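Following: one structure in structure tokens, then a few remarks.
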Amino acid sequence: MRAGLVLFPGTNRERDMALALQRATGRKPAMLWHRDTELPAGTDLVVLPGGFSYGDYLRCGAMAAQSPIMRAVRDFAARGGHVLGVCNGFQMLTEAGLLPGALLRNASLRFLSMDCHMRVERADTPFTHRFRPGQVFRSTMAHGDGNYFADAATLDRLEGEGLVALRYATPEGAVTEAANRNGSARNIAGILSPNLRVLGLMPHPENQVDPLIDGTDGLPLFESVAETFAETA
Ligand SMILES: NC(=O)CC[C@H](N)C(=O)O
């Protein structure tokens with residue numbers, strides 16, 4: 001799999017993300033710069049990693065969504081390309097109109113840096129097929145603006161079309177208010193585009209890809225997308 005990892009001024013999770021992709025695919029991702037106007041030929045997956053792009057000025061992800069490379073990312077997605085946005089990357093995807101809704105300030109108005117658990121709502125997508133349906137996995141949240149919001153009609157459509165990929169849940173898999181630390185609508189942690197090829201999620205699965213650091217709960221996500229492109233390994 002040929003992955004391209006986009007760096008913006010203020011991105012800070014690119015090394016962890018690069019390592020996660022390398023572990024799953026055996027290949028280093030291409031490091032791309034926000035001023036680039038084209039993706040490398042043969043790119044299978046574009047990854048927008050976490051951080052504080054442009055210092056979170058205006059709104060998280062708002063300025064990144066206007067950067068030159070995002071035009072190429074939009075075109076790539078329109079041609080059916082696969083895109084993964086994690087945390088600040090998810091915020092960019094909503095700001096760029098590639099996913100619906102918005103990430104508002106956490107309900108507590110505090111930056112949250114803590115473990116969380118997610119339940120896999122769809123295990124038949126390019127990003128999740130190595131999980132079992134309903135599987136709960138542990139991850140980490142580290143954000144000030146992770147409170148997923150969309151109007152009721154959009155939420156109903158997302159649910160109706162099966163585009164909610166991940167929900168905050170207890171370790172036992174119960175979708176409760178207490179498990180939803182940032183206040184996201186309907187406990188939504190991650191959503192998909194209608195063609196299932198764009199995934200945005202707030203927690204950081206790239207934190208859990210090494211048994212010696214914090215376990216490997218996040219690895220199936222990267223292995224799923226790597227397997228999707230096994231033929232271009
Ligand atoms: N870890 C991140 O990507 C954080 C995203 C964004 N800067 C926020 O605080 O919400």
Side-chain angles (χ1 to χ4, degrees), residues 3-21 29 31-34 45-67 69-70 73 83-118 127 137-150 165-168 179-192 198-210 213-215 217-218 221-222 225:
L5 186 44
V6 186
L7 279 93
F8 300 85
T11 295
N12 65 5
R13 300 307 313 277
E14 71 277 12
R15 283 171 184 269
D16 310 86
M17 186 59 85
L19 194 70
L21 291 163
M31 296 306 229
L32 312 178
W33 185 231
H34 66 119
L45 171 74
V46 173
V47 182
L48 305 173
F52 296 77
S53 56
Y54 303 91
D56 285 345
Y57 280 103
L58 295 181
R59 289 183 307 277
C60 300
M63 291 179 68
Q66 305 303 321
S67 62
I69 198 152
M70 286 305 285
V73 175
V83 184
L84 171 66
V86 170
C87 202
N88 198 209
F90 183 14
Q91 295 165 337
M92 291 173 204
L93 289 173
T94 60
E95 289 286 345
L98 284 171
L99 290 173
L103 281 310
L104 306 184
R105 188 65 41 91
N106 293 338
S108 63
L109 304 183
R110 290 170 195 269
F111 190 96
L112 294 174
S113 176
M114 56 181 58
D115 279 7
C116 63
H117 287 82
M118 287 179 281
F127 299 98
F137 70 105
R138 190 172 61 80
S139 193
T140 312
M141 56 164 69
H143 55 246
D145 296 54
N147 178 357
Y148 183 72
F149 172 84
L166 301 160
R167 272 186 229 270
Y168 299 110
N180 184 18
R181 300 299 297 268
N182 57 27
S184 289
R186 303 188 195 179
N187 282 50
I188 289 173
I191 56 170
L192 293 150
V198 180
L199 171 68
L201 74 161
M202 280 315 288
H204 290 273
E206 73 276 18
N207 277 32
Q208 286 82 27
V209 296
D210 186 333
I213 297 179
D214 194 23
D217 270 31
L221 190 142
F222 300 99
V225 67

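Only this structure's heavy atoms are used, side chains among them; waters, hydrogens and symmetry mates stay out. Order of listing sets the numbers, starting from 1, for every ligand and every atom in it. Remember, predicted model here, so these are calculated numbers, not experimental data.
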Check: Which pair of heavy atoms, one from P49 and one from L5, lies closest together, and at what distance?
Finding: CG-CD1, 3.7 Å

Checklist line | Under 3.5 Å: N/O of G144 near N/O of ligand 1 | finding: yes

Checklist line | Atom pair CG/CG of D145 and D56 - distance to nearest 0.5 Å | finding: 6.5 Å

Item checked: Nearest-neighbour protein heavy atom for atom 7 (N) of ligand 1, which is reported as residue plus atom name and distance -> D56 OD2, 2.8 Å

Checklist line | Identified side chain to side chain contact (heavy atoms under 4.5 Å, CB included) counterpart of R181 within the set D115, N147, L112 | finding: L112

Checklist line | Enumerated ligand 1 atoms positioned under 4.0 Å from heavy atoms of G50 | finding: 3 (O)

Next item on the list: Assess whether atom CZ of R186 is packed by more than 12 heavy atoms of other residues, nucleotides or ligands within 6.0 Å.
Entry: yes

Next item on the list: Around atom 2 (C) of ligand 1, find the nearest protein heavy atom and jot down its residue, atom name and distance.
Entry: C87 SG, 2.8 Å

Next item on the list: Would you name the heavy atoms of C60 and E95 that are closest together and state the gap between them?
Entry: O-CG, 3.8 Å

Notebook entry, point to check: Considering only heavy atoms of H204, which atoms of ligand 1 have at least one such atom less than 4.0 Å away?
Noted result: 1 (N)

Note to self: Does either side chain, that of N88 or that of S53, offer a donor lying less than 3.5 Å from an acceptor on the other one?
What the structure shows: yes

Check: So is A142 close enough to ligand 1, meaning a heavy atom under 4.0 angstrom away?
Finding: yes

Note to self: Can a side-chain donor-acceptor contact be found between Y168 and N182 if the only test is distance below 3.5 angstrom?
What the structure shows: yes

Checklist line | Option whose closest heavy atom lies nearest to atom 6 (C) of ligand 1, chosen from Q91, H143, M141 | finding: Q91

Checklist line | Sub-3.5 Å N/O-N/O distance, G51 and ligand 1 | finding: yes

Next item on the list: Identify, by atom number and element, the atoms of ligand 1 in contact range of F111, meaning under 4.0 Å from any of its heavy atoms.
Entry: 9 (O)

